[in-house]
Undergrad: 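Dropping the structure in here first, questions after.
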Amino acid sequence: MRYQLRALIPRLSRESKPGKMRPPMASRSSTGVGIRRITILVGFAVSALFLLLAGWRIDWTGVWAAYAHARWWPFVPLAMGCYILGHVIRGVRCRVLVRNDARISTLTASNIVVVGYAVNNLLPARLGEFARAGMLAERTGMPFAQSLTITFLERLLDGIVMVGLLVVAPLIIPVHGWVLQSVRVAVPVFGAALFVVLLCAVAPYQVVALCSRLTAGIPSVHDRLVRLVSQITQGLSSLRSLRSVASVLALSVMVWLAEAGLFLFILPCFNLAASYPQSVVVMAATNLGILVPSSPGFIGPFHYFCMRALGTFGVAEATAFSYAVAVHLAFYAPVTLWGVVAMAWYGVELGTVAAMQRAGRSLAELPSGAHPMRLITPLVRTSHEPRPTRLMRAVCEALLPAEGPSGSREAIVDRVSAFVAGQTEALPGLLRWALRVGLTGFAALTFLRYGRPFPSLSLERRRKIVASWAWGRLGLARQLFRALRSTALLAWYEDPDVVAAQNDPGHVLGGPDV
Amino acid sequence: MSKALRGQIVVVGSGAGGATTACSLAQAGFDVVVLEEGMRHPIESYGCNATDGMRRFYRNRGMTPIVGGVPIGYVEGCCLGGSTEVNCGFWHRVPPEVALRWRAQYDLQDCEPDDLEPHFCWAEEQTSVSPHPEPLPASTQVFARGIEAMGWRYQQVPRTARGCIGDNTCASGCRSGAKQSMARTLIPAAEAAGARFLTGCKATMLLRRGSRVTGVLAEVTHEDGSSSLARIDAEHVFVCAGPTQTPSLLRRSGIKFHVGDTLRIHPMLKVAARFDEPLDSQSSVLPLLQVKEFWPDLSIGGAFYSSGHLAMLLSDNWPETSQAMNDAKSIGAWYVAVKGNGKGSVRPSMTGDGAPMIRYELSNEDLRHLSQGLARLATLLLAAGAREVFPSVHGIPTIRSKLDAIRWLDDLLPRGAVSLTTVHAFSSCPIGERNDRCAADSFGRVHGFEGLYINDASILPDSPGVNPQGTVMALARRNALHFAETMRNG
């Protein structure tokens, strides 16, 4: 479906009150424009500086020789493939991060990620992050600040994984010099950021309450701050589920292990030994290095940190520089091309990106509808009836009476297990987790004992297993099945088909289940 | 930006306390906005089966356990009208000795029987409190037979259900409209007087400027299903969100002085009994009598009954008791409720959505009273002709003789084996003039804060020993009128 990101701007205008829409950033403050220009100029200056440092006293003859003897096939396509795979995994991760609030396909999520990277490659001042957040907001309907939070979270996860890789790497290969020192700086920085993020994710009410209390005396500031913090905490909502945290962390590791392939497959192009741990270290050091603000495409810092990281493994400067340039091209070209195609497909024009950034910012100051109360921010919620897992259904079936209305038993078991799933989801957090842990332990122990998943066992066998737990000596096991049993029995005997059968004098519904 | 809705008064919650407050203040001429977390349900949606009812009308779908050494199942309503939509409408006035004790122990002013008389009369008139019309259902008749055999004092408990047709749908909303819940009585009266009720509107925090409460931060659900965080300014805020939500909201807002430290409940043990005669409990109103012989330590009365609830009750000993489901028409359900001397607390969760974590430690005295109550109730039911009594105690599937029953007068039920429930919680923010015990003054104004009042079951200083709805409504009315009078006098 063709989609116009430009629609973001009129939508925002509609949400604003006439006369209250802030003017575009250009006319809002000449100081702001000045700062932006200075930031861009500084970025270009930093790029130039790092290029100079990278090329300083380099043996250019060695560089040309390295290129003359380089073997590109089949390594460059393999390297690019790894990098593209990394972006597809990023798309999957993005889906997981927004799934509490929106549903998007992996292709769309990957396109959103790649558009961000492409814009970063083409425009200065990391505008790609805003473009990515704006596009995510547009595709999901989430507030911009929330999308920006998710983008920030993705970058934070990337940083944590890279630092983690650099912490682990010295256990596998010797790592020396500034790479290790940079880890010592990065660990507390990312650790502090992680703490704040986790606090916002795990205790959103506390954070909002604190902000509200601090600014209660200044209503205009209060509402803005509460809105911003609410959107940020919503953006981090995926981190409230341990399963989601595990998935995004696993996906983040996969992203970077795939991207390390880019660095790995370029090594043999220059007759360097292909060492995966070495590639991981070079990749992590390079990516930490390009956090330094610079020109579009990270030209300069990328080359400098890449060649210096490779240099710590004893590779000659000229070869390392040649390698860095080749890796950068493989890093730059495919994603920029993919991003431009995606932008064309979605109708994003480069000129609109900065406008999106402005419009996105103003969203945080605007919405208020016709409702006679002061709306601070929309809350994105997806309410859906929890669906029972196979395990839950199998357990419920084993807990229910053996007799039942003929013909409709399967349907009743479906309804009962759906009810039990809904009820257990409604439990307070800690108890819900205790129940999940208990059920997982039950499934794991059953699997170890019988060599097959619990739902695959025969109903008779399942009944016996459940009975041995539910009426056994272990108090915790009895408590676990007591809660499930009473809820399942309630749903069974309240089911319309069972009630109808119960009113039929010839029917027998009670009776021991085992 | 649009002007904020500036109610003179915002009331959080629309249950017995909230609806009474809103109605009284709106009729006194105040601009009142009521925020109710649950939704407004048409009467056509009432009277569904228990599972649908739990989804629709109950907080957390009826899954709000009270944690402690003995977990206790607690249910409360979460809809317009609060728990009055899903209770059985039993009505009690606060016993005079309890009111006097509140005066003595909490220095609660103007709360003696004579002070409360007009407020009880008003509430009883509004909710048409009356006895159940004859004939009484079979489950009540066998209960009466047992009580008379034992020679104990009892009473038929009046209800807020004039014209009850006994179709046993109390727990999912009365579909006949006979039950005079808040949605049928005080809420329409409040709306007629100009009060506005915003449903699907969950108060998440109170806004404060120093010690002055200036409004409420709330999550609002719009008609199209979308939600927003909104600020509603107010000159006065009455928190009437119930015994667990009120202290949670206050503590989330940084108001902690004697808030949520003293929760009390009436722990209940349920018992089923099988008779030779059909009781048809499934299709008639629950037993309406209450044994007063052992009050205030324990009360014995009839419990809500459906096949599903019977199965839950029997589930503690399911292999031995499940056959009883085939005789469901000859079975009724009763309860033993104790005054509750244990200690409870309510704290908002530090994580997630800040939902209340409710704790209650069953005292040894509670357990002794429950054990003795089981002995007495089982003896009563056997005297009434029951063939078997099924207590919700793991390891005690049936009691078939009075000798089996009477042993629990001396022995204690195993603490870990009892399945307890409660529908009565209160006293989490006690009122009174004693600053060392009370969260608010005698009329609900929170100590140390301006513009903030509490007016629901949480204000009862301690356990009333009876169903608290009547007491809550009378106190709420008294407090609201006192507030109006104070405002008028400047």
Side-chain angles (χ1 to χ4, degrees), chain A residues 17 20 202-206 208-209 212-213 216-217 222-223 226-227 230 240 368-381 401 419 422-424 426-431 467 471 475 478 482 485-487 489-496 498-499 502 508-514, chain B residues 1-5 49-51 54-55 60-65 67 204-205 207-210 214 217 219-220 222 226-233 252-254 306-312 314-316 318-320 322-326 328 348-355 357 394 416 419:
Chain A
K17 272 191 80 75
K20 286 286 183 184
V202 176
Y205 268 59
Q206 306 291 337
V208 173
S212 172
R213 231 175 286 162
H222 171 272
D223 287 8
V226 168
R227 174 188 305 137
S230 299
R240 280 169 216 156
S368 82
H371 202 286
M373 63 175 74
R374 186 165 289 178
L375 299 183
I376 294 178
T377 181
L379 299 170
V380 183
R381 289 205 197 115
F419 177 75
Q423 295 303 103
T424 52
L427 280 168
L430 275 176
L431 290 172
W471 308 108
R478 283 203 309 272
R482 181 179 171 187
R485 182 177 59 245
S486 60
T487 313
L489 287 173
L490 170 72
W492 171 267
Y493 282 102
E494 293 290 338
D495 189 273
V498 176
V499 171
Q502 210 170 16
V508 177
L509 286 176
D513 45 352
V514 181
Chain B
M1 195 173 281
S2 67
K3 190 176 186 309
L5 176 64
N49 68 11
T51 48
M54 287 165 81
R55 267 196 287 255
N60 303 332
R61 296 171 172 238
M63 304 292 277
T64 310
V67 297
T204 59
M205 216 176 67
L207 299 171
R208 291 164 44 193
R209 200 173 297 170
T214 58
L217 201 62
E219 291 176 5
V220 184
H222 303 293
S226 62
S227 308
S228 300
L229 191 65
R231 198 183 86 208
I232 300 159
D233 295 336
R252 275 204 304 266
S253 311
S306 72
S307 290
H309 283 82
L310 174 63
M312 286 180 84
L314 298 176
S315 71
D316 285 305
W318 190 244
E320 296 91 355
S322 58
Q323 288 293 350
M325 291 304 299
N326 292 321
S349 166
M350 292 295 286
T351 58
D353 60 0
M357 292 186 301
H394 174 65
S419 284

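Residue numbers begin at 1 in each chain, while the letters A, B, ... track the order of the sequences.
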Undergrad: Is it the side chain or the backbone of A:Leu427 that comes within 4.5 Å of chain B heavy atoms, both, or neither?
TA: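 Its backbone and side chain both get close to chain B.
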Undergrad: Can you tell which part of B:Ser419 gets under 4.5 Å to a heavy atom of chain A, answering side chain, backbone, both or neither?
TA: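 Interface part for B:Ser419: both.
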Undergrad: Which atom names give the shortest non-hydrogen contact between B:Ser315 and A:Trp471, and what distance separates them?
TA: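 Minimum heavy-atom contact is O-CH2, 3.4 Å.
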Undergrad: Considering only heavy atoms, which portion of B:Leu217 lies under 4.5 Å from any heavy atom of chain A: side chain, backbone, both, or neither?
TA: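 For B:Leu217, the contact with chain A is made by the side chain alone.
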Undergrad: Can you find a pair of side-chain heavy atoms, one from B:Met54 and one from A:Leu490, that are under 4.5 Å apart?
TA: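 Yes - at least one pair of side-chain heavy atoms lies under 4.5 Å apart.
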Undergrad: How far apart are the closest heavy atoms of B:Met350 and A:Gln206, and which atoms are they?
TA: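 For B:Met350 and A:Gln206, the tightest heavy-atom pair comes out as O-CG, 3.4 Å.
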Undergrad: Flag the pair B:Val67 / A:Leu431 as yes when at least one side-chain heavy-atom distance between them is below 4.5 Å, and no otherwise.
TA: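 Result yes, sub-4.5 Å side-chain heavy-atom pair found.
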Undergrad: Sort B:Ala50 into side chain, backbone, both or neither according to what part of it lies under 4.5 angstrom from a heavy atom of chain A.
TA: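 Backbone plus side chain of B:Ala50, per the 4.5 Å heavy-atom cut-off to chain A.
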Undergrad: Kindly determine whether A:His222 and B:Leu207 satisfy side chain to side chain contact (heavy atoms under 4.5 Å, CB included), including the steps that lead there.
TA: CA-CA 10 Å; A:His222 171 272; B:Leu207 299 171; 3.4 Å; yes
Undergrad: Strictly distance-based, threshold 3.5 Å: is any side-chain N or O of A:Glu494 a donor or acceptor partner for the main-chain N or O of B:Gly308?
TA: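 Here the side-chain-to-backbone pair exists.
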Undergrad: Got B:Met63 and A:Thr487 here, is their nearest side-chain heavy-atom distance under 4.5 Å?
TA: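 Yes, at least one pair of side-chain atoms sits under 4.5 Å.
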Undergrad: Which heavy atom of B:Met205 sits nearest a heavy atom of A:Ser212, and at what distance?
TA: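 In this case the closest contact between B:Met205 and A:Ser212 is CE-OG, 2.9 Å.
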Undergrad: Could you look at B:Ser349 and say if it's the side chain, the backbone, both or neither that has a heavy atom under 4.5 Å from chain A?
TA: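 Only the backbone of B:Ser349 comes within 4.5 Å of chain A.
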Undergrad: I want to check something: taking the side chain as every heavy atom from C-beta on, are B:Leu310 and A:Tyr493 in contact at a cut-off of under 4.5 Å?
TA: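 Answer no - side chains too far apart.
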Undergrad: Does any part of the side chain of A:Arg227, heavy atoms only, come nearer than 4.5 Å to the side chain of B:Leu229, both counted from C-beta?
TA: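 Side chain of B:Leu229 against side chain of A:Arg227, heavy atoms only: no contact under 4.5 Å found.
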Undergrad: Based on non-hydrogen pairs under 4.5 Å, which of B:Gly210, B:Gly354, B:Gly62, B:Gly254 is most in contact with chain A?
TA: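 Highest number of pairs under 4.5 Å: B:Gly254.
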Undergrad: Between A:Ala426 and B:Arg61, what is the shortest heavy-atom contact and its length?
TA: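 The answer is CB-CD, 3.7 Å.
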